Amino acid sequence: DQQVKQNSPSLSVQEGRISILNCDYTNSMFDYFLWYKKYPAEGPTFLISISSIKDKNEDGRFTVFLNKSAKHLSLHIVPSQPGDSAVYFCAASLSNFGNEKLTFGTGTRLTIIP
Amino acid sequence: DAGVIQSPRHEVTEMGQEVTLRCKPISGHDYLFWYRQTMMRGLELLIYFNNNVPIDDSGMPEDRFSAKMPNASFSTLKIQPSEPRDSAVYFCASSHRAGRTDTQYFGPGTRLTVL
């Protein structure tokens, strides 16, 4: 039972354009959401997060949007750069688990076309 | 800071053999996590420790899997006997506080192939 879903296994975007990665979740008890980025042969690295009390969080070229009613979040990258080519994982945590556990999606491979 | 260190980086073994994966967390971190990455299921949390004590092992797939943390600087994940379906990339991660998990630092992973 996949509680965090990334339905697009891959995405290709032209350099300079906007990349939009999507994530859906089923557990309404999730209250904190994160995006991780992973390059080949490396471990995932934290990118950006958002609490359920917000609907948007921005960090430079990266913005995460949260729609609680739709149980949906998205990561926007503007403008996209070749170095953004990686696998992106969406993750969620439950406050009543003390926040240590993360539930990850299956990932979306983003390719930026020069 | 060397980051989280995992060994070996690659492991190829035959079905039925014992496999031991190793992890050295970042010094000072008091949480350690073991994850498994597969194409079908993404990143799954297998087990995590706090101050060397296992807190939640509900993600461990079956009794063939076991994990230990004998001290703050070392942990092992053992599979005995190994099966082809165990083939995956196994990640270790560590963090230095409870609370929000944006401070989990991942190692480079061990790619396990069971023939």
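Remember, predicted model here, so these are calculated numbers, not experimental data.
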Could you tell me which portion of [X] (side chain, backbone, both or neither) has an atom closer than 4.5 angstrom to a non-hydrogen atom of chain A?
| X | result |
| --- | --- |
| Gln6(B) | neither |
| Arg9(B) | side chain |
| Thr110(B) | neither |

- Is it true that Asp86(B) and Arg64(B) make a salt bridge, defined as a side-chain N closer than 4.0 Å to a carboxylate O? yes

- Message: Ring centroids only, cut at 6.0 angstrom: are His76(A) and Phe65(A) within range, meaning strictly under it?
- Response: yes

- Are Phe106(B) and Ile47(B) connected in a single hydrophobic cluster, I mean Ile/Leu/Val/Met/Phe/Trp/Tyr linked by side-chain heavy atoms less than 4.5 Å apart?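 Ile47(B) does not cluster with Phe106(B).
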
- Item | Donor-acceptor side-chain pairing of Ser49(A) and Trp35(A) below 3.5 angstrom | no

- Task: State, without any angle test, whether His72(A) and Asp24(A) hold a side-chain donor-acceptor pair at a distance under 3.5 Å.
- Result: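 The answer is yes; a qualifying pair exists.
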
- Message: With rounding to the nearest 0.5 angstrom, report the CG to CD1 distance, Leu112(B) to Ile79(B).
- Response: 5.0 Å

- Starting at CG of Leu46(B), measure out to OG of Ser66(B) and round the result to the nearest 0.5 Å.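 Spacing of CG (Leu46(B)) from OG (Ser66(B)) equals 11.5 Å.
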
- Query: Taking the inter-plane angle between the rings of Tyr25(A) and Phe33(A) on a 0 to 90° scale, is it parallel (under 30°), tilted (30 to 60°) or perpendicular (over 60°)?
  - Reply: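 Taking Phe33(A) first and then Tyr25(A), their aromatic rings sit tilted (interplane angle of 30° to 60°).
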
- Query: Of all of Gln37(B), Arg111(B), Glu44(B), Met40(B), which one pairs up most often with chain A through heavy atoms under 4.5 Å apart?
  - Reply: Gln37(B)

- Message: Sub-4.5 Å heavy-atom contacts with chain B: which residues of residues 15-23 of chain A show up?
- Response: none

